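First the structure, in the form of structure tokens, and then the observations on it.
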Amino acid sequence: MMKAVVIQQYGNSDVLEEMEISKLAPEENQVLVEVYATSINPIDWKVREGYLKDMIPFEFPITLGWDVAGKIVAKGNGVTDYQVGDEVFARPATTNRGTYAEYTLVDEALLAKKPTNLTFEEATSIPLAGLTAWQSLIDVAKLKAGEKVLIQAGAGGVGSLAIQIAKHIGAYVATTASEANENYVKELGADQFINYRTENFENKIDDFDVVFDTMGGEILDRGMKVLKPGGRIVTIAGQPNKELAKQYQVEAYSYWLEPSGKQLDELADLLSKGIIKPQVGHTFPFSAAGIKEAHDLSATHHAKGKIAIKMK
Ligand SMILES: NC(=O)c1ccc[n+]([C@@H]2O[C@H](COP(=O)([O-])OP(=O)(O)OC[C@H]3O[C@@H](n4cnc5c(N)ncnc54)[C@H](OP(=O)(O)O)[C@@H]3O)[C@@H](O)[C@H]2O)c1
């Protein structure tokens, strides 16, 4: 048995509770990871609230959490590239046996070795948000050196990594945040800061090649206005209005990340060289109370960088 923080019904953060649940054995091509740290993503509280129950129909109890950094303690048949004792990180498969637990199962294909220069809290802050930023900018938007990209919510979990990835590619980066985060996003490498509280970004920039939308709704619609004809907008927070995209002559995509150990390994390389720096803005302890506080912070939409949960 092992300790986990689970939900047995949908609801506000009071439904998070500690529970002893079974410790699963790794199946073929899987490893069992002792969780040293996990992180909070908005999907965690969206699942907890029940907003995604049709899309992701999990059975209760649900162990939330889809980021892990830790040590391999057992491996199933067929695992060749990893050994017991390896320090790893991953965005595991989307199951109801997530990472708010002392141990979690991860498919070998989703694993990467943890960069040695990162703490476990730093490492766990990368997989879900980092892969989302990486795939959105590189695989979907096909951002190239010299292009101009607008990154919405540059001070957030995904945005703070997206700024660094876009700068690494060699793009010009404009980003939105509140005034409190102006210096923060500039330190991350942003060339242009737009205070969304006092300015409409579409009045500040024009003729951009790419918009990375992390906000959805009317912000997603307005994002199309800053693109040049043929520009690309990728949203991870809704569905783009196809009619509007046609009107502005832009390509519009909605994207949901694909966990990938191979791409995480590419990110690990940049992290180990210090080209991308993890952005842990907040850390909470592994308990129902700690995770409740972390969910409530995430749900304000004003967390800075990533939120980590420290187990060890
Ligand atoms: N489709 C996928 O695969 C996928 C993957 C990851 C995340 N997501 C989604 O993407 C969204 C962002 O995730 P996240 O982890 O980055 O969220 P987050 O860390 O909670 O984002 C918080 C940030 O948003 C900023 N913000 C709030 N309102 C803003 C506005 N009007 N304009 C610009 N910035 C604003 C805040 O900056 P200030 O404090 O300065 O206001 C804060 O830094 C969530 O909806 C999440 O569910 C989707």
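Both backbone and side-chain heavy atoms feed into the values below; hydrogens, waters and symmetry mates do not. Note that ligands are numbered from 1 as they come in the structure, with each ligand's atoms numbered from 1 the same way. Only a predicted model underlies this, so the values are computations on that prediction, with no experimental measurement involved.
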Point to revise | Within reach of ligand 1, part of Thr132 (heavy-atom separation under 4.0 Å) | key: side chain
Exercise for review: May I ask whether Lys306 has any heavy atom positioned less than 4.0 angstrom from an atom of ligand 1?
Suggested key: no
Review point. Can His301 be said to touch ligand 1, with heavy atoms closer than 4.0 Å?
Key: yes
**Study point:** ligand 1 contacted by Ala303 (non-hydrogen, < 4.0 Å)
**Key:** yes
Check your understanding: Among Pro42, Gly156, Ser254, which residue places a heavy atom closest to atom 20 (O) of ligand 1?
Key -> Pro42
Review point. At under 4.0 Å between heavy atoms, which part of Met215 makes contact with ligand 1: side chain, backbone, both or neither?
Key: side chain
**Study point:** Nearest protein heavy atom with distance in Å, relative to atom 19 (O) of ligand 1
**Key:** Gly157 N, 2.8 Å
Point to revise | Contact partition for Lys304 relative to ligand 1, non-hydrogen atoms under 4.0 Å | key: neither
Review point. Can a donor-acceptor pair be found between the side chains of Lys306 and Ser125 at a distance below 3.5 Å?
Key: no
Practice item. With heavy atoms under 4.0 Å as the rule, classify the contact between Asn41 and ligand 1 as side chain, backbone, both or neither. Key: neither
Exercise for review: Please confirm whether Trp256 comes within less than 3.5 Å of ligand 1 when only nitrogen or oxygen atoms on both sides are compared.
Suggested key: no
Review point. Between Leu257 and ligand 1, does any nitrogen or oxygen pair lie at a separation below 3.5 Å?
Key: yes
Review point. What is the closest protein heavy atom to atom 47 (O) of ligand 1, and at what distance does it sit?
Key: Lys46 NZ, 2.8 Å
Review point. Which bit of Ala153 gets closer than 4.0 Å to ligand 1, counting heavy atoms only: side chain, backbone, both or neither?
Key: both
Practice item. Assess the side chains of Asp107 and Gln30: does a donor N or O sit below 3.5 Å from an acceptor N or O? Key: yes
Practice item. Work out which heavy atom in Glu202 is nearest to a heavy atom in Val226; give both atom names and the distance. Key: CA-CG1, 3.6 Å
Check your understanding: With a 3.5 Å cut-off and no angle check, do the side chains of Thr124 and Asp67 form a donor-acceptor pair?
Key -> no
Exercise for review: Counting heavy atoms only, name the option from Ile307, Ile236, Ile151, Thr300 that's nearest to atom 7 (C) of ligand 1.
Suggested key: Ile236
Check your understanding: Take atom CD in Glu27; do more than 12 heavy atoms of anything else shown fall under 6.0 Å from it?
Key -> no
Check your understanding: Is there a donor-acceptor contact under 3.5 Å linking the side chains of Tyr184 and Glu182?
Key -> no
Check your understanding: Which is it for Val158 and ligand 1 at heavy atoms under 4.0 Å: side chain, backbone, both or neither?
Key -> both
Revision key, fill the gap. So the atoms of ligand 1 within less than 4.0 Å of a heavy atom of Ile219 turn out to be 31 (N)
Point to revise | Selection from Phe201, Trp45, Tyr196 by shortest heavy-atom distance to atom 33 (C) of ligand 1 | key: Tyr196
Review point. Between Asp207, Asp191, Asp209, which is the residue that forms a side chain to side chain contact (heavy atoms under 4.5 Å, CB included) with Lys148?
Key: Asp209
Check your understanding: Roughly how far, to the nearest 0.5 Å, is the NZ atom of Lys246 from the CG atom of Asn241?
Key -> 11.5 Å
Review point. Of the non-hydrogen atoms in Gly154 and Ile163, which two are nearest, and what is the gap between them?
Key: O-CD1, 3.6 Å
**Study point:** Check: Asn41 side chain, Asp44 main-chain N or O, donor-acceptor pair, under 3.5 Å
**Key:** no
